[in-house]
Amino acid sequence: MKKVIFATALFSAQIFAFSYDLKPIKVSDGVYCIFGNPGAPNNKNNGDIVNSCYIELDKGVLAVDTGPTYKYAKEAAQKIEKTIGKKITLVINTHYHNDHLGGNAYYKEKNIEIIGDAAIKDAYEKIPERFDSYKRVVSKEAWEKSVVTLPSKYIDSNLTIKAKNGDLTVFKPSKKAHTNADIVVYYPASKTVIAGDLAYNQMIVPIRDGSVKGFLEALKEINKLDFSHIIGGHGKTTGRESYDFVLSYMTKLRDGVKKAIDKGVELD
């Protein structure tokens, strides 16, 4: 009888195991994304506020950002690999905020290379407590097996990766923008830019680690690219209007603050 009860309990636990219920969406040829729900992270959405994207490579799949937790990364990887029919073989972190690299531990466990800008390591040394702050925000079930995991390879220059339909360009904006560790992925064959938090919509992203002036410069550099799709770190819009929204917001923010300074308005 005890064995039957134990087996029933185990079966029930497996059925009702925590799930983010992630759904990959095809954005363009060879590019899929999982879109988060805009808003603040809490123990109901468990950090599922961020976008992660996946590009089919010549051999394998590139994951751009790993989400907020180990469980998010694992579930996303399983869904994407089933959708594309290839294994994830490479990961890129667009910057060091924990909703974008919180799932790195899953990929490290799979011995998959994780690429990030060299400034990520510097940020961790200066503000380590920010890298696992979601531990105090999401549920215990969602946080299980999440461990702070930095990239396994740091880059300080542009990178070219062979994708299914041609080369991907991975580049760093010339100035500090959202952070000083921003990375942009551009896929010319699909006219797609994956911009991390250099683009967003449906919500406003804080610029606590960046520069409005640098942000506008980075947007100017992105605008030189030939793209029809731009996927930001947050929000479900994937057309150029996402770029236009951020450009408009940053321009108004810069001009509004400048006017206030000229009028002698104090910081408080």
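This one's a predicted model, so the numbers in the text were calculated from it and none came from an experiment.
For the 3.5 Å distance criterion, the side chains of Ser28 and Tyr187 fail to qualify, holding no donor opposite an acceptor. For the 3.5 Å distance criterion, the side chains of Thr160 and Asp167 fail to qualify, holding no donor opposite an acceptor. Counted by atom type alone, Ser133 and Asn98 present one or more donor-acceptor pairs between their side chains at under 3.5 Å.
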(request) Begin with the C-alpha distance, continue with both residues' side-chain angles, and end with the deciding distance and a verdict on side-chain contact (heavy atoms from CB on, under 4.5 Å) for Arg240 and Asn223. (result) CA-CA 10 Å; Arg240 286 194 66 100; Asn223 197 44; 2.7 Å; yes

(message) Determine whether Ile80 and Leu22 satisfy the following criterion, side-chain contact (heavy atoms from CB on, under 4.5 Å), listing intermediate values before the conclusion.
(response) CA-CA 10 Å; Ile80 286 294; Leu22 303 175; over 6 Å; no

(request) Show your working on side-chain contact (heavy atoms from CB on, under 4.5 Å) between Leu101 and Tyr96 and close with a plain yes or no. (result) CA-CA 7 Å; Leu101 51 63; Tyr96 57 75; 4.2 Å; yes

(request) Given salt bridge (Lys or Arg N to Asp or Glu O under 4.0 Å), test Asp209 with Arg130 step by step and report yes or no. (result) CA-CA 12 Å; Asp209 300 320; Arg130 292 242 313 259; 2.5 Å; yes

(message) side-chain contact (heavy atoms from CB on, under 4.5 Å), that's the test. Do Tyr54 and Ile34 meet it? Break it down for me.
(response) CA-CA 9 Å; Tyr54 307 84; Ile34 295 172; 4.0 Å; yes

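Lys220 has a carboxylate O that lies under 4.0 Å from a charged side-chain N of Glu217, or vice versa, which qualifies the two as a salt bridge. Between Asp255 and Lys259, none of the side-chain N atoms (NZ, or NE/NH1/NH2) sits under 4.0 Å from a carboxylate O, so this pair counts as no salt bridge. A salt bridge does not link Glu109 to Lys74: none of the charged side-chain nitrogens sits closer than 4.0 Å to a carboxylate oxygen.
Taking the six-membered ring where the residue is Trp, His97 and His95 present perpendicular rings, their angle passing 60° and hence far from 30°.
No donor-acceptor pair under 3.5 Å is formed between the side chain of Asn51 and the backbone N or O of Lys236.
For the pair Leu150/Asn104, no side-chain contact is recorded, criterion being any heavy-atom separation below 4.5 Å from C-beta on. Annotation: side chain of His100 is in contact with side chain of Val50 (closest heavy-atom distance under 4.5 Å). Counting heavy atoms from C-beta outward, Trp143 and Val137 have side chains that stay 4.5 Å or more apart. You'll find the side chain of Tyr249 reaches within 4.5 Å of the side chain of Tyr200, heavy atoms only. The shortest distance between side-chain heavy atoms of Ser19 and Glu75 falls below 4.5 Å. With a 4.5 Å cut-off on side-chain heavy atoms, Glu113 and Ser152 count as touching. For the pair Tyr72/Asn46, no side-chain contact is recorded, criterion being any heavy-atom separation below 4.5 Å from C-beta on. In this structure the side chain of Ile231 reaches within 4.5 angstrom of the side chain of Phe35, judged on heavy atoms.
Heavy-atom contacts from other residues, nucleotides or ligands closer than 6.0 Å to NZ of Lys108 number 12 or fewer. For Lys191, the NZ atom is loosely surrounded, since the number of other residues' heavy atoms within 6.0 Å does not exceed 12. Around the NZ atom of Lys121, the shell of radius 6.0 Å holds no more than 12 heavy atoms that belong to other residues, nucleotides or ligands.
Interatomic distance, Ile114 CD1 to Tyr107 OH, rounded to the nearest 0.5 Å: 9.0 Å. The distance from atom SG of Cys33 to atom NE2 of His229, rounded to the nearest 0.5 Å, is 10.5 Å. With rounding to the nearest 0.5 angstrom, the CG atom of Asn42 is 9.5 Å from the OH atom of Tyr134. Rounded to the nearest 0.5 Å, atoms NZ (Lys175) and CG (Asn180) are 13.5 Å apart. Atoms OG1 and CG, on Thr169 and Leu225 in that order, are 8.5 Å from each other to the nearest 0.5 Å.
Following chains of ILVMFWY side-chain contacts shorter than 4.5 Å, one cannot reach Ile115 starting from Val61, and the two form parts of different hydrophobic clusters.
Of all non-hydrogen atoms in Pro173 and Asp182, the two that sit nearest each other are CD-O, 3.4 Å. The two atoms that bring Lys145 and Tyr70 nearest to each other are NZ-OH, 3.2 Å, heavy atoms only.
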